[in-house]
Amino acid sequence: MERKFKRDFSELKNIVAMTEAVFHDMGLQPGLRNVVDLATEELFVNMVTYNTESNEDILIEMVPHALGLEVRLTDYDVERFDPTSAATVDVNAPLDDRIPGGLGLYLVMKMVDSIHYEYRNRQSKITFIVDRK
Amino acid sequence: MFEIELADDGSVVVEGRLDAAQAVKAQTFLDQVEGQCILDMTKLEYISSAGLGVLLKTHKRLMGVGSGIKLINVSHHIHDIFRYSGFDKLFEIIPAGN
């Protein structure tokens, strides 16, 4: 299944609806939903927030994978930004040193089973896999 | 869907999905809270980093005046998010069922 979404946080409810439909159609275990929802939201929000010069919609594809589910997000007419090389977060820092922000990509890296970034012809594509195990 | 409201016992009840689209609503509500805040997460289905940011900002503000947020009835999968984020070291958390 694939769909394009406007560059707006209000699209998150429509992304969730798409994910729900994919899980239903593919018969995936509900326990995987939280990881898929979180990783998809964080990557989508990152594209919307930081790729501010593009007016193109963001493509999300969800396809079966031998291990579970493969999700691809493609952003068009953007500068290169590799989320897999984003700065890490010190999750052991005391409260005074913690600031809101930066946790999203950290959580994605922590929770998905694999992630891959491609940049070609001003298109950013991020692919992640969530293992049904 | 996301709702946040004050319960009769003084706790703050959150329900639904606290994502980036709902973070402003949550922050606006929590900015009005003074003193110790007990946040009942019984009906919270999902939280993303945007929601974590709201909790962190509010907790820091309240800790600055000697109180803070206590998170109660936290589901297993949301507790996992707190653990990955290191929030289990910053907040008092009572898991669901305790």
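Lettering of chains follows the sequences in order, A, B, ..., and the numbering in each one begins at 1.
- Residues Ile78(B) and Ile38(B) are members of separate hydrophobic clusters, defined by side-chain heavy-atom contacts under 4.5 angstrom among Ile, Leu, Val, Met, Phe, Trp and Tyr.
- Of the two parts of Gln22(B), neither the backbone nor the side chain holds a non-hydrogen atom closer than 4.5 Å to a non-hydrogen atom of chain A.
- Neither Leu44(B) nor Ile72(B) shares a network with the other; the hydrophobic side chains, linked directly or stepwise wherever heavy atoms of I, L, V, M, F, W or Y lie under 4.5 Å apart, form separate groups for each.
- Val13(B) and Leu55(B) sit in two unconnected hydrophobic clusters of ILVMFWY residues. Membership requires side-chain heavy atoms under 4.5 Å apart, directly or through other members.
- Under the 4.5 Å side-chain heavy-atom criterion for grouping Ile, Leu, Val, Met, Phe, Trp and Tyr, Met109(A) is connected to Val112(A) within one hydrophobic cluster.
- Among the candidates Asn34(A), Leu103(A), Leu12(A), the residue making the largest number of heavy-atom pairs closer than 4.5 Å to chain B is Asn34(A).
- Contacts between Tyr46(B) and chain A at a heavy-atom distance below 4.5 Å involve the side chain alone, from C-beta outward.
- By the neighbour-count criterion of 12 heavy atoms within 6.0 Å, atom CD1 of Ile99(A) is sparsely surrounded, having that number or fewer from other residues, nucleotides or ligands.
- Of the possible donor and acceptor atoms, one in the side chain of Lys60(B) sits under 3.5 Å from a partner among the backbone N and O of Arg98(A).
- Using a 4.5 Å cut-off between heavy atoms, Ile47(B) contacts chain A through its backbone alone, with no side-chain atom that close.
- Residues of residues 39-51 of chain A lying under 4.5 angstrom from chain B, judged on non-hydrogen atoms, are Glu41(A), Glu42(A), Val45(A) in numerical order.
- Under the 4.5 Å side-chain heavy-atom criterion for grouping Ile, Leu, Val, Met, Phe, Trp and Tyr, Val24(B) is not connected to Val33(B) through any hydrophobic cluster.
- For Met63(B), the part lying under 4.5 angstrom from a heavy atom of chain A is the side chain only.
- Counting only N and O atoms by type, the side chains of Ser124(A) and Tyr117(A) include a donor and acceptor under 3.5 Å apart.
- Looking at Leu107(A), the atoms closer than 4.5 Å to chain B (heavy atoms on both sides) all sit in the side chain, from C-beta outward.
- Using a 4.5 Å cut-off between heavy atoms, Lys13(A) makes no contact with chain B at all.
- Of the atoms belonging to Asp96(A), it is backbone heavy atoms, and not side-chain ones, that fall under 4.5 Å from chain B.
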